[in-house]
Structure formats: C-alpha cells, structure tokens
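Structure, as structure tokens:
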Amino acid sequence: MDSDDTITAEVCREDDIGDGELLEVKVAGYPVLLVRNRKEFSALGSKCPHYGAPLSKGVLRGERLRCPWHGACFNIRTGDIEEYPSLDCISCFKVTVEDGKVFVTAKKKDLENSLRVKDRSRRCLVNQNTVLLLGGGVAALVCAETLRQEGFTGRIIMATKEKHVPYDKSKLSKEMDLKAEDIYLRKPEFLDAQGIEFWTEKEAVSVDFQKQRVRFMDGSSQKYHQLLIATGSHSSFLKVPGADLQNVCILQTPEDSRKILELATGKNLVIVGASFIGMEVAAFLSDKAGTISVVEREEFPFQHALGPQVGGVAMKVAEAVLASGEKLPADVVVVGIGSTPNSAFLKGTSIARDDKGAILVDLHMQTNIPNVFAAGDVVSFPVALLNGDRSSIHHQQVAEAHGHFAALNMLKKEKELHTVPFFWTTLLGKSIRYAGCGKGYTDTVVKGSLEQQKFLIFYLRNGHVTAAASLNCDPMVSLIAEVLYLGKLISKEEAE
C-alpha cells in the first residue's frame with residue numbers, strides 16, 4: 001500500500017461512544033482518537049506530539065482537548081495546537097456515519113505519523129522588515145514559528161550564545177545520558193525551510209534602542225524593526241570560598257549535563273540546592289554516583305514551590321537525604337540554587353527591569369520601549385491567577401506561550417496573554433504534575449494519600465484555588481488547568 005493511499009474503515013457503532021467521550025479506535029491497525037462532542041464526531045491523531053501521551057486519557061472541554069500529562073491543548077475540529085508545550089498539531093481525519101456505523105477515512109501517511117506541522121508562509125525578499133529574536137530557547141522559537149504561521153514574510157533572525165538549535169532543556173536534568181542532537185526541538189533543516197536564520201555562538205552585548213541596533217560579542221551588529229528579548233536565565237552561582245574550584249558545576253547546557261554524568265559516575269556527589277533541577281539530577285544519578293548528598297537550607301525539597309507536604313513525598317520518592325553535617329566528601333558538586341535573568345547587557349539602557357533584573361512586560365509581552373518585546377525566563381509579567389500581580393515563572397510551557405503572544409502582537413493582533421502555567425518534575429520514573437500559580441498560597445486541601453504517593457493537592461489564596469499538584473492522579477491536574485483557564489473560581493468547599 002502506497003503512503004498516499006486513502007483508507008476507509010469502520011471503527012465502531014454510533015452508540016459505542018457517548019456525548020463528550022473519547023475512544024481510541026483502530027484504522028488499518030493504527031490508533032486513532034474518536035471524539036464525540038454535541039453529537040458530532042471528530043477523529044484525530046491518538047498521541048500528544050510532545051511526549052506521546054495517550055489523548056484518550058485527556059480532558060475534553062467544549063472543542064478543546066487537553067493532554068493528561070503536560071497540559072498541551074488541541075482543537076478537536078482542526079487538530080490545531082491551542083496550548084503548549086507541544087510545538088505541533090495533530091492530524092485530523094474525516095468521519096462519516098451510515099446506518100449507525102462510524103467510518104474514519106485517512107491517508108496512510110497521516111496515520112503513520114499522527115503529528116502535523118502547521119501551515120506557514122514563506123520568506124519573501126521584497127519584504128525588508130527584520131524581526132530579531134535574541135535567545136535560542138523555546139520563547140524565541142515559538143515566536144519565530146508563530147510569525148510564519150500568521151503570514152509574516154519578512155526576515156527572521158534568531159541569535160543565541162549557545163552552540164545548538166533550540167532543544168528540550170527539561171531533559172538536561174531528567175535524562176543526562178542523551179546527546180544534544182537527541183533533544184533538539186527542531187533540526188537546522190527545519191528552520192532553513194521556514195526561512196528562519198539561526199545564528200549560534202552570537203551573544204548580544206548591547207542594544208541601542210533609538211537606532212534599533214544590537215551589538216554582539218564578536219563585534220558585529222544587526223539592525224531590527226522589531227526585537228524580542230528572550231535571553232533566558234542562568235544558574236545562580238555559589239558565593240562561598242571554593243565555589244570556583246574545578247569540579248563545581250552548574251547545569252545549563254547539554255555539555256554540562258554530560259560532563260556531570262561523567263564526573264559523578266562512581267564518585268561522591270554533593271548537590272547544593274533541593275530545587276527541581278537538583279532533585280532530578282539526584283534521582284537520575286542515584287544508581288550511578290558512588291554517594292549522593294543534597295544540601296538545602298529548607299527542611300524539604302521544593303518547599304517554596306510545592307510546600308512541605310509534597311516536598312516530603314519527593315524526598316521519599318527520590319530516596320534523598322538532606323545533609324546537615326559539618327563536612328561532606330565531595331568529588332563533584334552540582335549547584336542548583338535558583339536562577340538569574342540574562343539581562344546584564346541591558347544595564348544602563350532605558351528598558352524597565354525589576355530589582356532582580358527581570359524585564360517588565362505587559363500582557364502583550366511589550367516592554368516600555370516601542371517595538372521591543374520580551375518573553376520567557378528573562379521577564380516579569382502580570383499573572384491572572386495572582387490578580388494581575390507580576391511574577392517570573394520559569395516553565396517551558398509559559399515561555400512558549402510568551403513567544404506566541406509576542407509574535408501576535410508584533411503583527412498588531414492586540415492579543416493579551418491567556419495561559420495557565422503547567423510544569424512537571426520526574427523522579428525515578430514518577431511524575432509530579434503542577435498547574436496554576438501557587439505563589440503566596442495560604443491554605444491547602446489534600447485529596448488521596450501522601451504516604452501512598454497517590455494524591456492531589458490544591459493550593460488556595462484568598463479562599464480560592466490558584467494551583468494544584470498531583471502524583472499518580474492523571475488527568476486531574478489537566479482538568480483543573482482547564483477549569484482555571486476558563487476563568488472559573490474553585491472554592492475551598494468545592495476542592496474538599
């Protein structure tokens with residue numbers, strides 16, 4: 001059978017699937033997701049393009065289907081991506097109903113690869129407008145791709161100090177034995193095909209906002225019509241004697257990840273900071289390093305973000321011991337004590353930043369300077385779940401949403417950021433999922449059992465849920481993310 005061949009298959013009876021239900025069916029042996037919504041059928045690719053989660057276990061609200069693992073959302077009529085972290089859409093197939101039987105029609109090639117890349121415009125040399133994107137992470141990548149998807153035909157340049165095309169940074173601490181190429185989000189050929197210029201090892205050192213020109217470390221400069229600053233953040237450094245010794249490491253790049261794995265194998269490893277990165281490194285190296293000690297000021301891991309209850313569970317899951325001794329044997333030290341925005345090159349300019357160096361943006365991702373936008377870890381932005389108070393949220397999905405809305409507003413679409421933060425941490429194969437923004441929470445409601453490592457916890461502020469975390473309770477966090485996305489309030493009574 002040729003890959004362009006079209007297949008029609010009977011997949012079920014009409015009454016096999018109720019309204020609002022999801023059912024995985026087979027077409028020529030390939031899994032397809034059948035959805036029934038308001039009595040109409042849709043057929044889609046069955047796996048989330050992000051990490052392959054089964055969408056039949058997802059959350060359906062109206063025409064939006066949310067992935068059970070990491071919160072990506074898809075339109076069930078078109079298969080289009082509506083919320084990140086997935087970069088791609090899912091295939092959509094034709095459904096017909098005859099005599100109470102449901103049939104799906106699809107091309108074999110679409111069944112073989114159920115993800116779909118959204119249609120894009122091409123670069124047109126007549127259009128002299130230049131959009132310059134500083135940074136090589138997901139915020140800049142999604143901005144570039146959204147510009148093309150929305151019809152922008154001008155020049156797009158991504159400039160990064162890194163050696164690589166955009167990659168999945170969340171895997172640096174979760175799967176440390178991967179090569180950089182294994183975690184590329186887009187290959188260089190893909191960017192070329194979209195007419196996106198990608199400059200590696202090109203670090204910005206200054207910006208002249210009046211002349212609309214960026215200068216780089218190598219002495220070159222580039223003029224822009226619109227600028228996105230998405231330079232991310234860097235790991236904070238230890239401020240103690242010996243912090244500059246040879247085997248004191250931070251985890252920033254694929255090279256750092258491989259180096260830590262090589263240095264720590266069979267050796268005494270000390271991790272400073274029970275952060276998400278610190279705990280993930282401890283979990284991954286638990287059967288590889290000789291000994292592992294985690295040093296942390298707080299009583300539990302993740303205490304600031306997830307509170308002592310979830311922190312206590314994480315300690316058990318990772319089998320970590322927070323060290324309090326006077327001296328620890330250390331052949332290798334990994335430092336994970338937070339991060340600092342990469343914005344020092346803007347010092348002395350008129351761009352507004354907070355006291356930590358984060359660039360201040362509004363809900364259009366616009367800075368205080370015309371034609372200059374910012375996105376990702378480098379910004380502080382108004383958070384709806386915090387009643388519009390500003391915060392910096394360092395999650396991949398949030399950075400992608402920032403990049404998307406920055407692109408829309410570069411194109412004068414006047415769209416305000418609308419997203420619910422979603423992240424996950426993985427320890428020894430167990431994933432804690434989190435949605436919302438629990439900053440400043442004053443109360444919690446726990447459902448299930450922390451001891452049995454099967455729970456859902458709600459974080460409340462001013463009597464309403466602003467975030468939730470879970471372990472072994474999919475798709476509850478995705479469901480809560482969707483409720484929060486729709487702007488609905490969840491009271492303590494409802495959470496209980």
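This is a predicted model, so every value here is computed, not measured. Atoms considered below: every heavy atom in the structure, side chains included; atoms not considered: hydrogens, waters and symmetry mates.
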Practice task
Assess whether side chain to side chain contact (heavy atoms under 4.5 Å, CB included) is satisfied between Met158 and Ile196, documenting all intermediate values.
Solution key: CA-CA 7 Å; Met158 286 176 68; Ile196 298 167; 4.0 Å; yes
Working to the nearest 0.5 angstrom, can you tell me the gap between [X] [atom1] and [Y] [atom2]?
{"X": "Arg155", "Y": "Glu197", "atom1": "CZ", "atom2": "CD", "value": "4.0 Å"}
{"X": "Leu385", "Y": "Lys439", "atom1": "CG", "atom2": "NZ", "value": "12.5 Å"}
{"X": "Asn129", "Y": "Cys124", "atom1": "CG", "atom2": "SG", "value": "11.0 Å"}

Pairing donors with acceptors under 3.5 angstrom, does anything connect the side chains of [X] and [Y]?
{"X": "Gln303", "Y": "Glu299", "result": "no"}
{"X": "Asn342", "Y": "Ser233", "result": "no"}
{"X": "Glu255", "Y": "His164", "result": "yes"}
{"X": "Ser339", "Y": "Ser235", "result": "no"}
{"X": "Ser91", "Y": "Arg116", "result": "no"}
{"X": "Thr253", "Y": "Glu162", "result": "no"}
{"X": "His70", "Y": "Tyr51", "result": "no"}
{"X": "Ser343", "Y": "Arg353", "result": "yes"}

For [Y] together with [X], are the ring centres under 6.0 Å from each other?
{"X": "His394", "Y": "Phe423", "result": "no"}
{"X": "Tyr434", "Y": "Phe422", "result": "no"}
{"X": "Phe373", "Y": "Phe405", "result": "no"}

Handout entry: Pairs where residues 119-132 contributes a residue and the test salt bridge (charged side-chain N to carboxylate O under 4.0 Å, His left out) is met, not counting sequence neighbours
Key =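 Qualifying pairs: Arg120-Glu145.
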Exercise for the section: Provide the full list of salt bridge (charged side-chain N to carboxylate O under 4.0 Å, His left out) pairs with a residue in residues 270-281, sequence neighbours left out, each pair given once. Expected result: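 Found Lys174-Glu280.
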Practice task
Walk me through it: do Val131 and Phe152 pass the test side chain to side chain contact (heavy atoms under 4.5 Å, CB included)?
Solution key: CA-CA 10 Å; Val131 175; Phe152 179 71; 3.7 Å; yes
Could you tell me whether the side chain of [Y] reaches within less than 4.5 Å of the side chain of [X], counting heavy atoms only?
{"X": "Thr444", "Y": "Gln309", "value": "yes"}
{"X": "His402", "Y": "Leu417", "value": "yes"}
{"X": "Ile183", "Y": "Leu172", "value": "yes"}

Handout entry: Partner residues of Lys202 under the side-chain hydrogen bond (donor to acceptor under 3.5 Å, both in side chains) criterion, sequence neighbours left out
Key = Asp218, Ser220
